[in-house]
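Take a look at the structure set out below.
Reminder, nothing fancy here: chain letters follow the sequence lines and each chain counts from 1.
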Protein chains: 2
Amino acid sequence: MVADRIPEHPDVRTVPLQQVLEALVDPVRRSIVTQLHDADADIKCGGFNISVSNSTATHHFRVLREAGLIRQHYVGTSRMNTLRDNEINKRFPGLLEAIVTADRVATN
Amino acid sequence: MVADRIPEHPDVRTVPLQQVLEALVDPVRRSIVTQLHDADADIKCGGFNISVSNSTATHHFRVLREAGLIRQHYVGTSRMNTLRDNEINKRFPGLLEAIVTADRVATN
DNA sequence: ATGAAAGTACGATGATCGTCAAACTTTGAT
DNA sequence: ATCAAAGTTTGACGATCATCGTACTTTCAT
């Protein structure tokens with residue numbers, strides 16, 4: 001069934017800060033979040049500019065999903081990723097914006 | 001000599017975001033930063049409410065210092081810690097405030 | 001039906017990191 | 001001079017984590 005391929009998503013209001021920070025401290029995952037933020041649109045897993053293997057990428061997407069940072073749904077064989085920035089911003093005001101902005105600083 | 005006991009401090013304008021986030025992702029270190037922020041005053045190493053051994057605490061203070069988050073200076077045998085919040089805020093606007101605020105959320 | 005496309009799941013591995021105990025250093029008080 | 005107070009330094013140990021290759025699953029196009 002289609003729904004079986006959709007993984008579980010946490011309620012952002014119950015996700016601990018610790019988990020969100022652990023998700024965002026990894027450079028690859030932070031890059032994924034930044035690309036989603038800058039694109040202001042959904043991006044499928046294969047559509048990101050990251051240089052890790054497929055299985056590693058899957059791992060990173062799961063960490064981000066379980067931290068409530070992204071939402072995933074299928075379109076055909078592609079898994080689309082949506083940034084849950086509104087929900088995250090309600091829970092931890094200013095956090096995502098600050099990190100995405102900081103990631104754009106010249107001398108990163 | 002007295003000056004020999006003062007460790008080196010980085011220029012915050014050259015500290016990478018990665019290093020700052022790695023410093024803040026540890027709960028003990030984040031607690032130290034939060035306590036400094038809330039106290040709005042210097043606190044000596046032994047004056048924090050943390051439950052790790054002395055040597056572990058030293059390790060955490062070094063990580064925070066090298067990330068440009070705190071400044072340390074000696075007063076007698078005590079090492080005083082100052083939060084470098086102004087400098088950090090210039091480099092990564094809103095980041096420290098967002099994390100400290102998030103740390104105060106009820107369901108952390 | 002068959003094959004390609006897009007990811008996922010499953011170990012395994014190597015590196016990093018938080019933690020501690022024990023020994024040491026520096027300063028201040030007696 | 002001596003001793004306690006406050007931290008630091010130095011290994012050592014466990015646990016966690018990012019990474020990969022391989023095998024597997026699901027969907028879509030031919």
Side-chain angles (χ1 to χ4, degrees), chain A residues 1-9 16-36 42-67 69-82, chain B residues 1-9 16-36 42-67 69-82:
Chain A
M1 207 198 306
V2 171
D4 290 359
R5 302 191 72 195
I6 301 179
E8 294 177 7
H9 293 81
L17 171 64
Q18 185 63 33
Q19 194 172 357
V20 173
L21 289 182
E22 281 171 4
L24 290 172
V25 80
D26 182 89
V28 175
R29 288 194 290 265
R30 202 164 59 246
S31 173
I32 290 172
V33 168
T34 300
Q35 289 178 51
L36 274 173
D42 296 2
I43 303 178
K44 63 175 189 165
C45 289
F48 288 91
N49 190 3
I50 51 178
S51 48
V52 291
S53 74
N54 235 339
S55 51
T56 300
T58 295
H59 162 67
H60 287 311
F61 286 118
R62 181 176 54 215
V63 172
L64 287 172
R65 169 170 32 87
E66 291 176 349
L69 283 163
I70 62 172
R71 174 169 282 124
Q72 300 188 297
H73 70 279
Y74 270 97
V75 175
T77 61
S78 292
R79 203 175 225 182
M80 296 299 298
N81 300 279
T82 312
Chain B
M1 205 197 307
V2 171
D4 289 1
R5 301 190 74 194
I6 302 178
E8 294 178 6
H9 293 81
L17 170 65
Q18 185 61 35
Q19 194 171 354
V20 173
L21 289 181
E22 281 170 4
L24 291 173
V25 79
D26 182 89
V28 176
R29 288 194 291 265
R30 203 165 57 246
S31 173
I32 291 174
V33 167
T34 300
Q35 289 178 50
L36 274 173
D42 295 1
I43 303 178
K44 64 175 189 165
C45 288
F48 288 91
N49 189 2
I50 51 177
S51 49
V52 292
S53 74
N54 236 338
S55 52
T56 299
T58 296
H59 163 67
H60 286 312
F61 286 119
R62 181 174 54 214
V63 173
L64 287 172
R65 169 169 34 86
E66 292 177 348
L69 283 164
I70 61 172
R71 175 168 282 125
Q72 299 189 296
H73 70 279
Y74 269 97
V75 175
T77 61
S78 292
R79 204 174 223 182
M80 297 299 296
N81 301 276
T82 312

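Set against D:dT27, D:dA18, C:dG18, the side chain of A:T77 has D:dT27 as its closest nucleotide. Nearest nucleotide to the A:K44 side chain, out of C:dG18, C:dG7, D:dT19: C:dG7. Minimum atom distance to the side chain of A:C45 is reached by C:dG7, of the listed D:dA18, D:dT27, C:dG7. Counting only heavy atoms from C-beta on, B:V52 has its side chain closest to C:dT19 among D:dC20, C:dT19, D:dA6.
As a whole-Å value, the separation of A:I50 CD1 from C:dA6 C1' is 14 Å. Atom OH in A:Y74 sits roughly 8 Å away from atom P in C:dG7 (whole-Å rounding). Regarding B:R62, its CZ atom lies at a distance of 9 Å from the P atom of D:dT10, rounded to whole Å. Nucleotide D:dA6 holds its C1' atom 14 Å from the CZ atom of B:F48, rounded to whole Å. In this structure, B:L64 atom CG and C:dG18 atom C1' are separated by 13 Å, rounded to whole Å.
Map A:D26 and A:G76 each onto its nearest nucleotide of DNA chain D; the residue landing nearer the 5' end is A:D26. In terms of position on DNA chain C, the residue among B:S55 and B:H59 whose nearest nucleotide sits closer to the 5' end is B:H59.
Between A:H60 and D:dT19 there is a side-chain polar atom (N or O) within less than 4.0 angstrom of OP1 or OP2. Taking 4.0 angstrom as the limit, B:T56 places a side-chain polar atom (N or O) nearer than this to OP1 or OP2 of C:dC20.
B:E66 contributes no side-chain N or O that, together with a main-chain N or O of B:F61, makes up a donor-acceptor pair within less than 3.5 Å.
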